[in-house]
Colleague: 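Structure incoming, see below.
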Amino acid sequence: MLREGEVRIPSGCAISGIISRRGRLTNGEKIITSIATMHDRSNGLGGGFAGYGIYPQYADFYALHIFYDDNEIRKEAENFLYRNFFIVNMSMIPIRKTKRISDEPLILRYFVKPLDARLHETNLDEKEFVARMVIKVNTTMKGAYIFSSGKNMGIFKAVGYPEDVGEYYRLEEYDAYCWTAHGRYPTNTPGWWGGAHPFGMLDYSVVHNGEISSYDANRRYIEMFGYQCTLMTDTEVIAYVIDYLCRRQGLSMEETAQVIAAPFWSTIEKKPPEERALAEYLRNAFSGLLITGPFSIMVGFEDGLMALNDRLKLRSMVVGEKDDMTYIASEECAIRVIASDLDRIWSPKGGEPVVIRVNREDK
Amino acid sequence: MLRIDCEGKHFSQIGQMIRQTAEKEIFVDNAQGHRYIAAGVGGKNIIVNGTPGNALGAYLDGSSITVNGNAQDAVGDTMNDGLIVIHGNSGDAAGYSMRGGKIFIKGDAGYRAGIHMKAYKDKFPVLVIGGKAGSFLGEYQAGGIIVVLGIGTDSKTNVGYFTGNGMHGGKIFLRSEQLPDLPQQIIARKATAEDMAEIEKYVGEYCRYFGGQVEEILNRDFYVLTADSANPYKQLYTSV
């Protein structure tokens with residue numbers, strides 16, 4: 001089969017998200033209803049979801065979701081995992097067979113912790129260790145792909161329409177304080193399971209509608225820091241850029257948004273001195289991470305959600321609020337279908353991030 | 001009269017029902033993002049309840065559409081003739097390439113409202129936005145009139161960045177205390193009595209649909225933006 005980068009297909013996408021600022025849980029069926037409303041924005045070549053707060057029973061373990069082409073590569077990858085992690089639980093991810101989802105790989109889930117001895121030996125902090133192991137598997141073991149690696153969160157994705165993917169993964173069995181969803185309409189590449197959104201790295205997950213013109217510039221920059229873009233698809237690079245800026249550089253989500261959707265120099269000139277200094281600093285320090293081209297993205301992180309449009313706002317994105325709930329979607333209809341009564345609904349300006357942070361009552 | 005319930009129907013079925021009926025009055029209920037409602041249709045009166053999808057009234061050819069709610073992107077895309085009245089806000093690119101007819105939006109418009117609007121012979125498009133408009137209002141505008149009333153907004157300007165970027169014809173009227181930053185190829189001036197006479201009827205029409213006092217709305221500063229043909233547009237996207 002030809003994979004990403006080997007074929008070019010000319011073409012939108014749909015994104016949707018739900019989050020409760022109080023950490024109240026929403027069942028997976030809701031996010032399916034929302035994304036399904038925008039069926040025509042996808043073409044059946046990819047759908048996926050990320051849920052946060054779905055694994056409370058293993059909240060302190062990294063949940064690895066892995067696709068394997070066959071049992072041989074599975075054995076090899078599991079041997080690698082045994083050498084590096086304590087695995088408290090492993091299983092097939094429960095699925096529901098449907099005619100609309102076919103050619104599935106083996107899909108397994110492991111709840112793991114890095115072995116102390118390995119952390120000591122590598123002298124890495126826990127997150128960096130996990131990130132490196134994920135990159136190692138994904139770049140050196142052909143036919144094995146870790147597509148989700150955060151704590152108390154999980155990504156579920158496949159080739160198909162998003163509503164069918166949601167049914168396939170039995171999302172009604174999961175409750176999350178934050179959900180994101182994606183319906184794919186691949187523009188440049190064929191669809192395969194790994195290439196569906198969300199893309200994840202540790203707790204970060206990204207769904208994206210658009211096309212990154214600066215992909216190669218961003219890729220070359222980020223690969224200097226140990227990341228490797230293996231999928232030849234533009235959204236992958238955003239996940240690594242977010243991980244690099246937030247986790248490794250310690251930028252806030254707002255600052256990160258200002259790097260990837262930096263204001264025009266002509267706009268920066270008109271800002272008050274303090275804002276201007278920060279904007280100039282961020283634009284200069286991370287010029288290689290400016291993402292150009294049309295996009296609307298949502299980034300899930302440990303305790304929140306960030307939504308952002310490109311600075312020219314070449315993609316649509318609408319935000320609705322009702323009490324502690326925030327809904328974000330490519331189209332208003334996808335919000336109204338699950339929340340008809342809203343306190344407020346608006347479209348954020350291009351380059352202006354919407355960041356929702358969760359104060360979980362159970363914490 | 002025909003009532004169409006959108007629930008469970010694909011947009012293509014709704015389009016077919018609207019085109020095939022001999023009824024002149026059509027209610028489209030429970031719209032949930034159904035695209036292309038009334039596309040290319042002439043001679044009908046269509047009332048939409050719910051949230052119509054993208055490209056509502058695209059290529060509209062003389063029908064009138066009323067939306068009881070918000071509209072999504074590309075309302076009246078390339079419309080030729082007719083009337084679209086939105087009792088709410090619109091998404092991005094309202095009036096995209098419209099070359100005739102009128103669009104009235106009670107509230108705010110998203111980015112790129114009136115992009116590529118043009119007039120031709122007896123065709124003269126009019127886009128009236130009651131609230132505020134996003135960036136790139138009237139981008140590449142070549143003809144017709146765009147009016148932004150800024151009703152209910154407290155900002156001094158009611159538009160975003162790059163208003164009239166690449167504009168080379170037509171007029172943009174802004175009811176605001178001060179001018180926004182404008183691209184260099186735009187000429188801005190206070191509206192004269194003659195200018196105001198040009199839009200009075202459209203403001204009157206706005207008030208008929210949505211309420212409000214014409215005199216009150218007109219009795220404030222308006223600016224008129226036109227293209228400076230001596231200083232034509234140079235590229236934005238590759239130079240910044």
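Quick caveat: nothing in here was measured; it's all calculated off a predicted structure. Reckoned from all heavy atoms, side chains included, excluding hydrogens, waters and symmetry mates. Within every chain, numbering begins at 1; the chains are lettered A, B, ... in the order of the sequence lines, protein sequences first and strands thereafter.
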Colleague: Check each atom of Ser316(A) against the heavy atoms of chain B and say whether the ones under 4.5 Å are side chain, backbone, both or neither.
Modeller: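 It is both, since atoms from each part get that close.
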
Colleague: Counting only heavy atoms closer than 4.5 Å, note whether His10(B) contacts chain A via side chain, backbone, both or neither.
Modeller: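 For His10(B), the side chain is the part near chain A, not the backbone.
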
Colleague: With chain B, which of His39(A), Lys313(A), Met38(A) has the greatest number of heavy-atom pairs at distances under 4.5 Å?
Modeller: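 Most pairs with chain B among the choices: Lys313(A).
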
Colleague: Whether Arg35(B) and Asp40(A) form a salt bridge (side-chain N of Lys/Arg under 4.0 Å from carboxylate O of Asp/Glu) is what I want to check.
Modeller: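 The answer is no: the pair does not qualify as a salt bridge.
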
Colleague: Is a salt bridge present between Arg96(A) and Glu172(A), judged by a nitrogen-to-oxygen distance below 4.0 Å?
Modeller: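 Here Arg96(A) pairs with Glu172(A) in a salt bridge, since their nearest N and O are under 4.0 Å apart.
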
Colleague: Could you check whether Asp343(A) pairs with Lys322(A) (Lys NZ or Arg NE/NH1/NH2 to Asp/Glu carboxylate O, under 4.0 Å)?
Modeller: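 Looking at Lys322(A) together with Asp343(A), the answer is yes, because their closest N to O distance falls below 4.0 Å.
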
Colleague: In terms of ring plane angle, is the pair His197(A) and His182(A) parallel, tilted or perpendicular, where the classes change at 30° and 60°?
Modeller: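 Geometry flag for His182(A) against His197(A): parallel rings.
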
Colleague: Return yes if a side-chain donor-acceptor contact under 3.5 Å exists between Glu331(A) and Gln72(B), otherwise no.
Modeller: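 Distance-only check passes for Glu331(A) and Gln72(B).
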
Colleague: Mind ranking Asp108(B), Asn89(B), Thr51(B) by heavy-atom pairs under 4.5 Å with chain A and telling me who comes out on top?
Modeller: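 When all of Asp108(B), Asn89(B), Thr51(B) are compared, Thr51(B) has the most.
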
Colleague: Tell me, side chain or backbone of Ser340(A) under 4.5 Å from chain B's heavy atoms, or both, or neither?
Modeller: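 Neither part.
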
